[in-house]
Amino acid sequence: MERKKEKMGIRQVWGKNFKEELRMVHSALYKYNFLSVDTEFPGCLRRTPRLAGDDVRYADMKYNVDNTRLLQLGLTLSDDGNRGAFMSWEFNFAFDLGKESYNEDSVRFLKKNGIDFDKLRSDGINWDEFRQEFAALLPWHRNLTWVTFHGSYDLAYLLKLVTNNKPLPPALPDFTRDLPAILGGRIIDLKRSAQFFHQLKNGELGLEELGRLLQVERPAGGGAHNAGSDSLLTALVFHRMRCRRFPIVHGCLYGLSAPLATPPGRANLSAATHSTPTPTTTTVMPLPAPAVCHR
């Protein structure tokens, strides 16, 4: 599996090479300003009812993220004009089932989808070392567009990662303020964007199905529920949506009605393109189609 991923352009990163690969990410971010993100984590310790409100959803997410560690972080970089330019990484973190908290059903599911927990335990990246390196890298790149699919948990883990492993903010308004301020740039959730289009099943679909509807196939050799492959598919779907000229919603996450605050440095852009977000408004990003679109 790992060799196949390398062939399709997903760089496999473990404890022995993560510093070298992060330097490569740092260099590439000066050229590629769209950063598609996916994470794999060991399931939810606390389940959230489907019809729960924002406060309950956030409280459950906070509990789950605060009490578990990431397994994988997938990053795919792409540029604003060339649909064929992608760089992808899959960072694999040290995780010991004998010491860490996890959901047993989720771990069984992840094993079936190719996550090697024995290799994570023996060869995975030290979380604290990675956190320090990644947190030092991020302030150099404040003009990013973060692209996710159903991304609240992905971004919550990123926030935990870059804030010295601190617990998530105590309440949802603090989270919606801190997340864009710390990550910088714009934040997009493609599942939230899909909610506005009947032909995209109003967002009631997974990433794989959204790709099929847009005639985007997962690159050969990659598998669902592996963070590198999912981040790459997210990037491909995002650029296809732009080619098809679907309006892209930013500043909102699927499942949370509260909008994200406008990050520092974006206030002028926000004032020029839309009204100040409120809990009942949606922000549409005026992204042009890429210069090169492939069928």
Side-chain angles (χ1 to χ4, degrees), residues 1-42 68-79 84-100 102 107 110-111 113-141 144 146-148 153-155 157-165 183 218-236:
M1 175 66 77
E2 187 168 322
R3 192 170 297 174
K4 288 181 179 179
K5 289 178 182 177
E6 295 285 5
K7 286 182 178 179
M8 73 172 189
I10 299 174
R11 300 181 66 86
Q12 288 298 301
V13 189
W14 297 88
K16 64 182 179 182
N17 66 334
F18 85 92
K19 290 185 179 180
E20 174 187 344
E21 294 297 327
L22 273 181
R23 286 194 291 270
M24 189 178 296
V25 171
H26 181 35
S27 178
L29 282 172
Y30 287 106
K31 180 178 180 181
Y32 302 100
N33 60 346
F34 289 95
L35 181 53
S36 298
V37 179
D38 185 77
T39 64
E40 297 300 331
F41 53 94
T68 58
R69 284 180 177 267
L70 270 185
L71 303 175
Q72 292 181 333
L73 171 64
L75 301 177
T76 293
L77 279 57
S78 53
D79 67 19
F86 297 92
M87 298 181 68
S88 299
W89 286 263
E90 187 171 88
F91 293 88
N92 297 276
F93 296 102
F95 192 90
D96 188 338
L97 289 171
K99 298 178 180 179
E100 303 289 351
Y102 62 90
V107 166
L110 291 169
K111 286 180 177 179
N113 283 276
I115 303 294
D116 187 341
F117 282 88
D118 290 335
K119 189 170 175 62
L120 289 178
R121 185 185 69 251
S122 61
D123 299 339
I125 303 165
N126 179 280
W127 170 264
D128 290 322
E129 291 182 16
F130 181 89
R131 175 187 55 73
Q132 294 171 14
E133 297 282 342
F134 191 77
L137 172 157
L138 198 57
W140 293 90
H141 307 284
L144 299 175
W146 300 83
V147 183
T148 68
Y153 270 79
D154 301 320
L155 296 170
Y157 276 108
L158 274 178
L159 184 61
K160 178 181 177 180
L161 177 66
V162 299
T163 55
N164 200 26
N165 211 32
L183 293 186
R218 184 183 295 273
H225 310 293
N226 287 252
S229 180
D230 282 347
S231 74
L232 177 54
L233 183 57
T234 298
L236 292 168

Visitor: Once you round to the nearest 0.5 Å, how far does CG of Leu137 lie from CG of Leu29?
Guide: 6.0 Å
Visitor: Would you say Pro219 and Ile10 make side-chain contact, with heavy atoms under 4.5 Å?
Guide: no
Visitor: Give the minimum heavy-atom separation between Glu40 and Ala227, together with the two atoms involved.
Guide: CG-N, 3.7 Å
Visitor: To the nearest 0.5 Å, tell me how far Leu75 CG sits from Glu21 CD.
Guide: 11.0 Å
Visitor: side-chain contact (heavy atoms from CB on, under 4.5 Å) between Trp14 and Leu120: does it pass, once the steps are laid out?
Guide: CA-CA 8 Å; Trp14 297 88; Leu120 289 178; 3.8 Å; yes
Visitor: Identify, with sequence neighbours excluded, every residue that meets side-chain hydrogen bond (donor to acceptor under 3.5 Å, both in side chains) alongside Thr76.
Guide: Ser88, Ser231
Visitor: Phe93 vs Trp127 aromatic rings, parallel, tilted or perpendicular, using cut-offs 30° and 60°?
Guide: perpendicular
Visitor: With sequence neighbours left out, what residues match Tyr157 under side-chain hydrogen bond (donor to acceptor under 3.5 Å, both in side chains)?
Guide: Thr68
Visitor: Look at the aromatic rings of Phe130 and Phe134 and report parallel, tilted or perpendicular, splitting at 30° and 60°.
Guide: parallel
Visitor: Can you measure from CG (Leu77) to NZ (Lys31) and round to the nearest 0.5 angstrom?
Guide: 11.0 Å
Visitor: Phe95: which residues meet the ring-ring contact (aromatic ring centres under 6.0 Å, His included) condition with it, sequence neighbours left out?
Guide: none
Visitor: For His225, check side-chain hydrogen bond (donor to acceptor under 3.5 Å, both in side chains) against everything at least two apart and list the hits.
Guide: none
Visitor: For residues Ser229 and Glu90, report the shortest heavy-atom separation together with the two atoms involved.
Guide: N-OE2, 4.0 Å
Visitor: Which distance, rounded to the nearest 0.5 Å, do you find between the CG of Leu232 and the OG1 of Thr234?
Guide: 8.5 Å
Visitor: Quick one: CG on Asp38 to CG on Asp154, what's the gap to the nearest 0.5 Å?
Guide: 5.0 Å
Visitor: Using the side-chain contact (heavy atoms from CB on, under 4.5 Å) rule, take Leu71 and Phe117 through it: C-alpha gap first, then chi angles, then the decisive distance, then the call.
Guide: CA-CA 9 Å; Leu71 303 175; Phe117 282 88; 3.9 Å; yes
Visitor: Might you work through the side-chain contact (heavy atoms from CB on, under 4.5 Å) test for Gln12 and Asn92, ending with a clear yes or no?
Guide: CA-CA 8 Å; Gln12 288 298 301; Asn92 297 276; 3.4 Å; yes
Visitor: Please list all pairs meeting salt bridge (charged side-chain N to carboxylate O under 4.0 Å, His left out) that have one or both residues in residues 120-133, counting only residues at least two apart or in different chains.
Guide: Asp118-Arg121, Lys119-Asp123, Asp128-Arg131
Visitor: Rounded to the nearest 0.5 Å, what separates atom CE in Met87 from atom CE in Met24?
Guide: 6.0 Å
Visitor: Which pair of heavy atoms, one from Leu97 and one from Tyr102, lies closest together, and at what distance?
Guide: O-CE2, 3.2 Å
Visitor: Judged by atom type as modelled, is there a donor-acceptor pair below 3.5 Å linking the side chain of Asn226 to the main-chain atoms of Ala224?
Guide: yes
Visitor: Sequence neighbours left out, what passes side-chain hydrogen bond (donor to acceptor under 3.5 Å, both in side chains) with Tyr32? Give chain and number order.
Guide: none
Visitor: Dump the intermediate steps for side-chain contact (heavy atoms from CB on, under 4.5 Å) on Val25 and Phe91, then the final yes or no.
Guide: CA-CA 12 Å; Val25 171; Phe91 293 88; 4.2 Å; yes
